[in-house]
Structure formats: C-alpha cells, structure tokens
Protein chains: 2
Amino acid sequence: MGIEERKQREKEQMRRLILDAARAIFLEKGYYQASIRTIADKIEYSPGTIYLYFKEKDEIFLALHNEAFGQLFELMAPLRMVEDPFERLIAMGRIYIDFALKNKDLYDLMFIMQAPMNMLDDACHWTEGDRVFDYLVDTVRQCQAGGRMQGHDPSTLSFSIWSAMHGMCALYCRDRMMVVAHVSDEFSSESELLEGAFRCYIDMLRKL
Amino acid sequence: MGIEERKQREKEQMRRLILDAARAIFLEKGYYQASIRTIADKIEYSPGTIYLYFKEKDEIFLALHNEAFGQLFELMAPLRMVEDPFERLIAMGRIYIDFALKNKDLYDLMFIMQAPMNMLDDACHWTEGDRVFDYLVDTVRQCQAGGRMQGHDPSTLSFSIWSAMHGMCALYCRDRMMVVAHVSDEFSSESELLEGAFRCYIDMLRKL
DNA sequence: CAAATAAATGAACAGTGTTCAGTAAATCCA
DNA sequence: TGGATTTACTGAACACTGTTCATTTATTTG
C-alpha cells in the first residue's frame, strides 16, 4: 500500500509550501521580516507546525540558499558552450555579477549572510560553494594550460578572482557604493560602475 | 558659571560609558548579543537611560563604526612616509587586509553590516567611507601620473581595487573561505590564503 | 526652603525564535 | 465497524528583543 509514499509526498509538499512562503516574504521584506509567525500566517498554519518540518529558522534559509545556488547553476550552464577558457572565465564573471545585480537578496543570502553558514559549520563542508569554486579553478587551470596567467597557484588565483567579483557584489548589496562620486544610489549608475570596474579587472587578467 | 559646561561634560562621559560597554560586548559576543539590556546591565543603568543618549540602537553602532574608522585612519597615517605612489598603494592594501584580519568584527561593522548605513541613508553621505576612498583615488591618480595603470578612469579603477581587497576580507569575515581546499577554517591558513591572493592581485596591478 | 527643571527608572507594548502539553485527525488492528 | 494507537497540528507559554513613557528621584534655581 502506498500510504507511506503518500505521507512522504505530503511531507515534501508541506516543505515546499513553507519554503515558497518563506522565499516570498524574504524577497519582499527581508530576512528579519520573514519571521516564523509571518510565514505561518501566510500558509495558514500555526507557528509550531513549521518546527515539524524545519529544526530552526536558519534551516529554512539554508534550504533557500541551496535553491538560489540552483538558479545560479542554471544560469552558468550555457558556459559549457564557450570553448575558449579565458572567454569562459569572462562570461562566468559577467553572469555572476549579473546574478547579484538582479537578485540582490538571494546573492546576500548565498555569499554574505551568516544564517546559512551557521547550519553547516559543524561538518564544515559548503557543498554549493565548493561546486562553483571547483568550476572556477578548472577554468583557471585551462587558461593556464593555454599559456595565460602563468606562475600562480590555480586555487589561490581563483580565490583572488572570486574575491574581486564578490567584492563588487558585496559593496553593492550592502550599500557601500556611494563613495564613488558619480554614483548616488541610483540603480543604473550603480550597475554602470560595476560594469566599469569589471572591465578594469578583465583588462588586468588579460595582461597577467 | 560652568554648570552648563559640566553638564555637557557629564553627558559626554555617559556617551563614552555606553559606547565602551557596547563595544566590549559587541567584540566579545557579537551584534545581537549586544542588546540594549546587556549594555545597560554592564554600566548599571536602566535600559531607558540609554535612549536619553542615543536615539536608537543602530546609532550606537554608527558611533562605534566611526570610532573604528578612526583606528583604521591611524594605521594608515604612516603611509604619508611612502613616497612612491605605487608602493604606497600596495602598503595601503596590506594595512587594509591586516586590519580586517585582526579586527574581524570591526571590519564587518564598517564595511558589511547594514546597521550603520541605515543611520545615514537619508543624507546619503558616508563621510568615513568617502575619506578612505578619496585617499585611494588620490594615490591611484599619482600612480597614473607616474605612467602606471594607464587608460582607466581613476574612480572606477579605485573602486575595482577596493572591491578586490574588500572581497577577500568579506569572504573571510563571513566564513566563505573553506571552499579553497587547503583552508579548513584555521586562522593561519586563512591568513596565508589572503596573503597569497593579495600577492596575485598586486602582480596584476603591476602589469596593468 | 519651595518650585521648577533635569535625569533616571522600570513597567508595558509589540514583536522575536522556540518548546511542549494538549487536541484533533488519520491509520491500524481485531 | 469500533476502539486503540499513531501521527499532525495547535496555541499558549517562555525568555528574549528594541522602544516608549508615566512616574519617581535628584539637581538646580529663585
């Protein structure tokens, strides 16, 4: 009898229901407004019920964090079509920054917030992060095999590249870009500055 | 009569008392543990009193944020001694990263946390940030005057450089460095990776 | 010394994450 | 089908949060 299977399915549906509500509130009003009670209200269950599906609030946000990585992976999938590794590296950076620009809060959740990290610092193994980073290291290695960016440890260089990309995105997410004179918090000028800084960096990589 | 002056002085002393307690708790147990009540407990006043000296919690943390910038400025003062602008640029980066490494939570407060920014997004003028950034732009301009890093808008290039530095520090502060294989959250290996990535970046700047 | 001003209090409000005894529904077994 | 058992859900309660404000205490002024 498929009773066990149906229960499993219902459990999964309930998790989905909670996650969808949590994501909606999170994206609309931010992490702190996305309280257990507001999530419970939205799905018309009592607060206690949520704890039957998630051990704690941050576990919900780890799940959302993982989903968001899924989105980013999908956006990066077309990179396989780019044959030249250096061109692929550039395209990868562009996709990364573009994702941050268009999904500020998801980017924040993935790479800035402490919440999801608190959930996995026991095992100390950040699977989603590893996956993106490994792909980056691979690409960097291929660039080096093609004669570019010689004389640097690929992991270290990859981290350096990632840092440069993340730095821009993090300053954007956390509203630190207004120090640059011609940017006064307007989206278009912010994204222009990011584009400009990205071009600077690519120019550096090209000459390395 | 100096009664007004004494009152002013006492008011200032009380602010100091609150800020010192807040900083101590913040550095020991983090932002959320540094609640109004724990601060009030530490200085042996009632919670309500704190609101006679600060409009809201984040105003306390803006003050701490400003103090922290004071610290960073002091560390950067010796840069005036470095004559060659490019050497100065490198030294500046080193001081910046070193500050983040040794003052994780202060760096976080200065460049990552939303708290202090919430206090000034009306005026939209981040004085402390401007000051560091302007100094950076100046240095970059001097480098360009000396023939280095030609063909880039100094502001944009400066932002790009700052981003690269901030990226490393932010990934460090928010525990995203464990994706790099030979780093397993140990301080020494983290700081070694930061040093390595910094050297990579300097190498890039040199060739630009 | 009394009146007026200033400073400090702590209870109260509305919110938070989380727990858990109690209730309601679904399932199992005779 | 009917009663026992397991599962799902509830919502009050706990200990906390930032913030406000009537009340009390202390200081200064006339």
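The analysis underlying the following values was restricted to heavy atoms, covering all of them including side chains, and did not include hydrogens, waters or symmetry mates. By convention in this document, chain letters (A, B, ...) are assigned in the order of the sequence lines, proteins followed by strands, and residues within each chain are numbered from 1.
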Residue pairs fulfilling ring-ring contact (aromatic ring centres under 6.0 Å, His included) with at least one residue in residues 27-53 of chain B, sequence neighbours excluded: A:Y32-B:Y32, B:Y31-B:F61
Salt bridge (charged side-chain N to carboxylate O under 4.0 Å, His left out) partners of residues 92-103 of chain A, not counting sequence neighbours, each pair once: A:R94-A:E195, A:D98-A:K102
Strand-adjacent residues in residues 20-41 of chain B, judged by heavy atoms under 4.0 Å from DNA chain D: B:S35, B:I36, B:R37
Close residues, residues 55-67 of chain B, relative to DNA chain D [heavy-atom separation under 4.0 Å]: B:E56, B:K57
Whole angstrom value for the distance that separates P of D:dA26 from CD of B:E10: 15 Å
Selection residues 129-140 of chain A - residue pairs positive for side-chain hydrogen bond (donor to acceptor under 3.5 Å, both in side chains), sequence neighbours left out: A:H125-A:D130
Of all pairs that satisfy salt bridge (charged side-chain N to carboxylate O under 4.0 Å, His left out), the ones with a partner from residues 23-43 of chain A, not counting sequence neighbours: A:D20-A:R23, A:R23-A:E67
Check: B:Y107/B:Y96 side-chain N/O donor and acceptor closer than 3.5 Å: yes
For atom CG of B:N118 and atom C1' of D:dG18, their distance in whole Å: 14 Å
Partners passing salt bridge (Lys or Arg N to Asp or Glu O under 4.0 Å) against A:D105 (at least two apart in sequence or in another chain): none
Residues in side chain to side chain donor-acceptor pair (under 3.5 Å) contact with A:T38, at least two apart in sequence or another chain: A:S35
Those residues that, when tested against A:K104, pass salt bridge (Lys or Arg N to Asp or Glu O under 4.0 Å) (two or more places apart): A:D175
Any pair counted as salt bridge (charged side-chain N to carboxylate O under 4.0 Å, His left out), so long as it reaches residues 155-170 of chain A, sequence neighbours left out: none
Where protein sits on nucleotides 4-10 of chain C, one letter per nucleotide: B base, S sugar-phosphate only, - none, heavy atoms under 4.0 Å: --S-BBB
Residue pairs passing the salt bridge (charged side-chain N to carboxylate O under 4.0 Å, His left out) test where at least one lies in residues 160-170 of chain A, sequence neighbours excluded: none
